[in-house]
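Note sheet for the following structure.
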2 protein chains.
Amino acid sequence: MPAQKTVPKTPAKVGRPRSSDKDKSERGDRILNAAEELFALHGYDGVTLRTLANAAGVDVALINYYFGPKQQLFDTVFKRRAQILNEQRLTALQDAQQEAAPGVISVEKIIEAFLRPLEVAQESDDEGWKNYCALLAYVNNSAVWGPVLMSKHYNDLVDVFVDALREALPQSDDADLYWCYHYMSGAMSLTFANTGRIDKMSRGLCRSDDFRAAYDRMIPFVAAGFRQVCGEH
Amino acid sequence: MPAQKTVPKTPAKVGRPRSSDKDKSERGDRILNAAEELFALHGYDGVTLRTLANAAGVDVALINYYFGPKQQLFDTVFKRRAQILNEQRLTALQDAQQEAAPGVISVEKIIEAFLRPLEVAQESDDEGWKNYCALLAYVNNSAVWGPVLMSKHYNDLVDVFVDALREALPQSDDADLYWCYHYMSGAMSLTFANTGRIDKMSRGLCRSDDFRAAYDRMIPFVAAGFRQVCGEH
DNA sequence: ATTTAAATTCATCGCTTGTTGAATTGTCAA
DNA sequence: TTGACAATTCAACAAGCGATGAATTTAAAT
């Protein structure tokens, strides 16, 4: 009985998978998604490649095959959604500016353009956006990653929004403007982090993942702060 | 030549050190201080006991001897300065309330009592306070540690301040109040984190470690936000 | 039909991890 | 002076780490 060489019914454990197998080639995406979630929750050092491989349903060696060493994987995860987010915020700002023209755009509208796309992302069907936002919180608050990754991928956007705010607040001093931006960034980050702490603090009255509630209040809160510090004194 | 048993001039490498040796028994403190700094910078998983022992100038085994397993050490570090901080903020609030009596205390004064002790801490000669604040930022933004440690050590304080704010803003809804507190907490955390990002964003105009500048603007920013969201609508 | 390249698993490398037990030296009270 | 105890170092443990080279299977190109 000669061994039947072609197409054994049991799929091989090793080697390239048949393209007919579902869950075929998007293994790279599965890795990125799992990495996003785990890095956001446990930080860079809190995630081992074996844990990650397990979560993604993939062999450890495959991570290196697709994304190189661990640091490079982290970079890739962080970069993936940055561009999309920046575009959405820029579009929102331009729309608001167009709508206000030829008059001056209000501080609220600028803040809204900056923050609202994040609510949309966090509430989207793609659960990954929620994880990415939590990752953003981790990176933004980290003295190791923050100055590197945030500056690299988000500084251009910051410039555009600070320009818009400067125009809307003509009396403002630049240092005031940057500090206020910093407060906004902090408030936003803690919302991203989605830690569940406000649930405990408020004894269930507020929910960490009620992003609608979070942003509806955050926008007027931040706008008022800007006006107070950067407005007519 | 019989070995001289008593008091060899070279101090033994092993065994209990002579009490005459300077840097004697505050080895426990040295461990806590180094742990504070390293945990704040790299997070729980980013610090190995050997790195820590090296930074503290101490043998690895000594960490376990004094503080038990790693998690327990982390708890101890976090708890150490929490009580002190809480007391200072409470005193500041009571002083402000007494000064305002019998009238109503202003939102600004309450926020000031909450935030200013942190500026004092971060600028104090004891460098450890700066590290502790950075650790606070890490814990506050962590979904793993935040709900556990923050709630355990800071929820009582939150209650007192929210009560004061509720009284100063009689029209306020409780959910609004907690969300605004959350924004304040986020702005504060990012300032703690001291990442150096604002330096890059502002091209050197603002400095991350200029805490005076940070809090002088943060207090009116936050107060205005509270008033906008929780004040008379 | 052959060859080349892509995608996957497996086994293993050299290190590092947190933790612990034993040995050593000093202090202090009895 | 002796004995209990405190403080320290050292060596080692089993487990886990990131990384990689070899083997294997399939797909695609020629």
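Convention: sequence-line order gives letters A, B, ...; per-chain numbering from 1. Note that the coordinates shown come from a computational prediction; the quantities given were computed from them, not determined experimentally.
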Does a salt bridge link A:K130 with A:E37, judged by any charged N lying under 4.0 Å from a carboxylate O?
no
B:S142: what forms a side-chain hydrogen bond (donor to acceptor under 3.5 Å, both in side chains) with it, not counting sequence neighbours?
none
Interatomic distance where NZ belongs to A:K70 and P belongs to D:dA19 [whole Å]:
8 Å
Look at A:T48 and D:dG16 and indicate whether a side-chain polar atom (N or O) is within less than 4.0 Å of OP1 or OP2.
no
Using atom CG of B:D45 as one end and atom C1' of D:dC17 as the other, report the distance to the nearest whole Å.
13 Å
Between P of C:dT17 and CD of B:Q71, the distance in whole Å
18 Å
Grab the CD-C1' distance between B:E26 and D:dA7 for me, whole Å please.
13 Å
d(CZ, A:F67; P, D:dT20) in whole Å:
16 Å
Among residues at least two apart in sequence or on other chains, which ones pass side-chain hydrogen bond (donor to acceptor under 3.5 Å, both in side chains) with B:S151?
none
Kindly list each side-chain donor-acceptor pair under 3.5 angstrom involving residues 52-65 of chain B, sequence neighbours excluded, with atom names and distances?
unit_1: B:D59; atom_1: OD1; unit_2: B:A61; atom_2: N; d: 2.9

Distance test, side-chain N/O of B:R27 to OP1/OP2 of D:dA6, below 4.0 Å
no
Less than 4.0 angstrom from a charged side-chain N to a carboxylate O is my criterion; do A:R217 and A:D210 meet it?
no
With B:Y132, the side chain to side chain contact (heavy atoms under 4.5 Å, CB included) member among B:N33, B:I84, B:L85, B:D126:
B:L85
Ring pair (Phe, Tyr, Trp, His ring centres under 6.0 Å) involving A:Y181 - partner list, sequence neighbours excluded
A:F114
Give me the residues of residues 49-65 of chain B where at least one heavy atom lies under 4.0 Å from an atom of DNA chain D, by number, or none.
B:R50, B:D59, B:A61, B:L62, B:Y65
Do any of residues 34-44 of chain A sit with a heavy atom less than 4.0 Å from DNA chain C, and if so which?
none
Strictly below 4.0 Å, N to O, side chains only: are A:D75 and A:K79 in salt-bridge contact?
no
